[in-house]
**Q** 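To start, I am sharing the structure in question, which I have written as structure tokens.
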Amino acid sequence: MGGGSIIADITTPDLETCAREPIHIPGAIQPHGALFVLRASDMIVVQASTNVTDYLGDDIMVGQRPRGTVGGLLDSILQWHQTPEPTLQIPVAAYGLIVVAHRSGRSIIVEAEREEPQTASQTFTSLRSFVQTLAQQADHDASLQVTARFLQQLTGFDRALVYRFDEDWNGQVVAEAGNGALPSYLDLRFPASDIPAQARALYAANPVRIIPNATYDAVPIIPVANPDTQAPLDLSFAQLRSVSPVHLEYMRNMGTAASMSVSIMIDGRLWGLVSCHSATPHYVGIVTRDVCELIVQSLAMRIAAQQREVSSASRAQLGRITSRLLTLMSSGTNWPEELIDAGDDLQAQVGADGAAIITETGYFTVGECPREDEVRTIVRWLEEERRDADLFASHSLASELPPASAFAASASGVLAVRISELHPSWVIWFRPEVVRTVKWGGNPHKLVTEEGRIHPRNSFDAWREQVHQQAKPWTESELSAARDLRRAIVGIVLRRAEELAELTSELRRSNKELEAFSYSVSHDLRAPFRHIVGFAQLLRERETSLDAKSQHYLRNISESALAAGRLVDDLLNFSQLGRASIASKNVDMNKLVEEVIKSVMLSRPDRQVEWKIGRLPTAWGDATLLRQVWYNLIDNAVKYSRDREPAVISIDGSTADDVTVYSISDNGVGFDMAYVGKLFGVFQRLQRAEDFDGTGIGLALVRRIVERHNGTVKATGEEDKGATFTFALPTPEKKGRALA
């Protein structure tokens, strides 16, 4: 835990308020140096620590320009102030001090500390030795260990730790060097609350901090508020900044009397800390701290280079897998099936144990995955809670989606990419739960209370905790590979959509040409067939002397011409359906069915049919076209049940979920369901033409009419046991939308 407190709160620390403390404006400094503040415009001292005379004598007086030796530094300070350099460091031999200046708003903060007796040659030798040693380390862990050992020896602290943050800002000691005066913390973890967010922000802004004595008495700055701004002095970049009393209590509970930390910054982000401790008070001067900062910067560059090397190798490997998957998808016709067929590569692309592909029309899986209903639970949650995200990744799904705890064994880790903005289409990878034991430095869940106040914990002994419902975290390389695959899939889907749109346009044009052709042909053929029938009839009536065989020939000519005429009429009706407009209104289906039955039975006066007709709901549609639907279905039912005694035909209807459904069943010859796909095609017959008359267009006409009404039609049957035809129409409330 790091931070500071304003003077009024120094004697009342509380762990609960530590995370909210304004630690950058403590109003005080540590006593191992002195501080004063200059107004940049006229170099007047506007604030100073109360111990400034102990270090700088009478050179510094609040309300006046510095005098004497310090006054002689003003020209150098002014020249520096005109440059972009963040700090200025000047040795002051007369006082045995080193003065460091930095900007704070319109003011200049100047700090003074005792100069340490170390020569430049000693410093250079130390640095050269470390750089050579660091360059020889082949891996990440060795680099960390070398740095910890070198800093411990250079600074003389009892222990040096390399402390790394995870994605939740918990810390883990990943390297350590010490002389045995303090216990080892290697591999122990510390909760994020030990270093609150505002303290981490200061670590990122000001990389070096030292506390030579955890029992120090804070030195106030006077006046408390800057007279020009009436605001407390911002000490974010001050080396002497006083820290939170809660942090000092934390140090004492750890058994450390002195500490120093140096931030490890990688790509602008706080990666971790090198933290040094001693069992007794211990001071390290400015020059040595600067060397430590340079050493840690070298380590950070080494870590970044090693991470980039590993990441580049991983990206290259995953890129080759992505390329193979892209080749497969591009050459195939169904990208989900192509990906599933290459299941090993699909999983290896992000290091997953299983994957699922969910599209508008399909569900595909490979490897170890949750059940389909569990996967769809994830998809619904993504659609509701992550609707604006094209990628979602978690190594602990149950912490965000509690129902996922039920299938954590196979899906504690989830990486998902969205494929469509219109439909719930996703590619989702899964990682199983990895149960592991974490060693904490003390129980992070235990609160220490005394006198009604929460204190930092006073035990840092190893405390073990089993972690469940977590998977191995996804790396940035794996996330990048998932993004690359998503872009590839989206590109292929868009390309296929364009090809489909072009094909659809071409089909529409062809259909219009075909409709025009069939209309023209069927229209022009009607008159010739009528003429054939008419002249054959006239010839039969005029030539009474024809023998029986000739009369038979004439009858065959007439019947064939009549059949051809009916076929032409049906073709004409079928072709006209694509052009005809639909005049929808409420249609009394009971009356319509009654009229159709009378019409069908007129040509079959000897047929005995047992009709079972229920109460039919009103339909919304074109009455003339719906009459054709019923005529074809009823005529077929009567025709194909002619060998039954009795023939039984049932007609019924119902309304549910904004859909009106009608059905007609018979006990006739039925059909084999293996051929149901052919039933509604033009000229498709499942019975022999010589057994049952007809043109083979009737059911195709039924389907086209129903689909023009945004409805659906289907059939079920069994050989020699009858058939049932069902068609569904939208109710008026749903009439504008097609039925699924």
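All figures in this text were calculated on a predicted structure; none of them were measured in a lab.
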**Q** Out of V414, I357, T365, which residue meets the side chain to side chain contact (heavy atoms under 4.5 Å, CB included) rule with I428?
**A** V414
**Q** Is it the case that the side chains of W429 and Q349 hold a donor-acceptor pair, with the cut-off being a distance below 3.5 Å and no angle test?
**A** no
**Q** May I ask you to check whether over 12 heavy atoms, not counting those of E167, lie within 6.0 Å of atom CD?
**A** yes
**Q** Are Y363 and P336 close enough that some pair of their side-chain heavy atoms sits under 4.5 Å apart?
**A** no
**Q** Over all heavy atoms of both residues, which pair between V366 and G343 is shortest? Give the atoms and the distance, please.
**A** CG2-CA, 3.7 Å
**Q** At their closest point, which heavy atom of D652 faces which heavy atom of R615, and how far apart are they?
**A** OD1-O, 4.3 Å
**Q** Taking the side chain as every heavy atom from C-beta outward, state whether V375 and F407 have any pair of such atoms under 4.5 Å apart.
**A** no
**Q** Carefully, step by step, assess V638 and R607 under the rule side chain to side chain contact (heavy atoms under 4.5 Å, CB included).
**A** CA-CA 9 Å; V638 172; R607 283 292 309 277; 3.5 Å; yes
**Q** Does F430 reach the side chain of S410, with side-chain heavy atoms less than 4.5 Å apart?
**A** no
**Q** State, to 0.1 Å, how close P432 and A409 come at their nearest heavy-atom pair, and which atoms those are.
**A** CB-O, 3.1 Å
**Q** Assess whether side chain to side chain contact (heavy atoms under 4.5 Å, CB included) is satisfied between L616 and D588, documenting all intermediate values.
**A** CA-CA 8 Å; L616 304 179; D588 185 344; over 6 Å; no
**Q** State whether the side chain of S599 and the backbone N or O of E595 hold a donor-acceptor pair below 3.5 Å, judged by distance alone.
**A** no
**Q** Taking NZ, NE, NH1 and NH2 as the nitrogens, is one of them in E476 or R483 under 4.0 Å from a carboxylate oxygen of the other?
**A** yes
**Q** So do Q608 and P646 actually touch side chain to side chain, heavy atoms under 4.5 Å?
**A** no
**Q** Nearest 0.5 Å, please: how far is OG1 in T618 from CE in M589?
**A** 9.0 Å
**Q** For the backbone of S665 and the side chain of T724, can you confirm whether one donor and one acceptor N or O come within less than 3.5 Å of each other?
**A** no
**Q** Could you tell me whether N586 atom CG has more than 12 heavy atoms of other residues or ligands within 6.0 Å of it?
**A** yes
**Q** Look up atom CD1 in I664 and atom CD1 in I634, then write down how far apart they are to the nearest 0.5 Å.
**A** 5.0 Å
**Q** Could you pull out the closest heavy-atom pair between P370 and A411, with the gap in Å?
**A** CG-CB, 3.6 Å
**Q** For a quick test of reading the model, state the closest non-hydrogen atom pair linking V706 to A728 and the distance between them.
**A** CG1-O, 4.1 Å
**Q** Strictly distance-based, threshold 3.5 Å: is any side-chain N or O of H709 a donor or acceptor partner for the main-chain N or O of W620?
**A** no
**Q** Can you tell me how far CD1 of I419 sits from CG of D390, rounded to the nearest 0.5 angstrom?
**A** 9.0 Å
**Q** Find out whether R627 and V596 are in side-chain contact, i.e. whether some heavy atom of one side chain is under 4.5 Å from a heavy atom of the other.
**A** yes
**Q** Tell me, with the steps shown, if W630 and I651 meet side chain to side chain contact (heavy atoms under 4.5 Å, CB included).
**A** CA-CA 10 Å; W630 279 118; I651 300 175; 3.7 Å; yes
**Q** If every non-hydrogen atom of G621 is compared with every non-hydrogen atom of V587, which pair is closest and at what distance?
**A** O-CG2, 3.5 Å
**Q** Taking the basic N atoms (NZ, or NE/NH1/NH2) and the acidic carboxylate oxygens, is any pair closer than 4.0 Å for R487 and D484?
**A** yes
**Q** Would you compute the distance between atom CG of L592 and atom OG1 of T624 and round it to the nearest 0.5 angstrom?
**A** 9.0 Å
**Q** Less than 4.5 Å apart, side chain to side chain, heavy atoms only: is that true for F727 and L633?
**A** yes
**Q** Determine yes or no for a side-chain-to-main-chain donor-acceptor pair under 3.5 angstrom, with R418 supplying the side chain and R386 the backbone.
**A** yes
**Q** May I ask you to decide if Q469's main-chain N or O and E433's side chain share a donor-acceptor pair within less than 3.5 Å?
**A** yes
**Q** What verdict does the side chain to side chain contact (heavy atoms under 4.5 Å, CB included) test give for R642 and Y640, after you've listed the backbone C-alpha separation in whole Å, the side-chain angles of each residue and the deciding distance to 0.1 Å?
**A** CA-CA 6 Å; R642 70 185 183 192; Y640 289 110; over 6 Å; no
**Q** Are side-chain heavy atoms of R376 and D373 found at a separation under 4.5 Å?
**A** no
**Q** Restricting to pairs with a member in residues 593-615, which pass ring-ring contact (aromatic ring centres under 6.0 Å, His included), not counting sequence neighbours?
**A** none
**Q** Under a 4.0 Å threshold between the charged nitrogen and the carboxylate oxygen, would R431 count as salt-bridged to E478?
**A** yes
**Q** Counting C-beta onward and ignoring hydrogens, is there a side-chain heavy-atom pair between E610 and S641 closer than 4.5 Å?
**A** no
**Q** Does the gap between the ring centers of F392 and W426 come in under 6.0 Å?
**A** no
**Q** Roughly how far, to the nearest 0.5 Å, is OG of S396 from CG of L401?
**A** 11.0 Å
**Q** Can you tell me how far the CG atom of N632 sits from the CZ atom of F725, to the nearest 0.5 Å?
**A** 10.5 Å
**Q** Closer than 4.0 angstrom, basic N to acidic O: yes or no for D635 and R604?
**A** yes
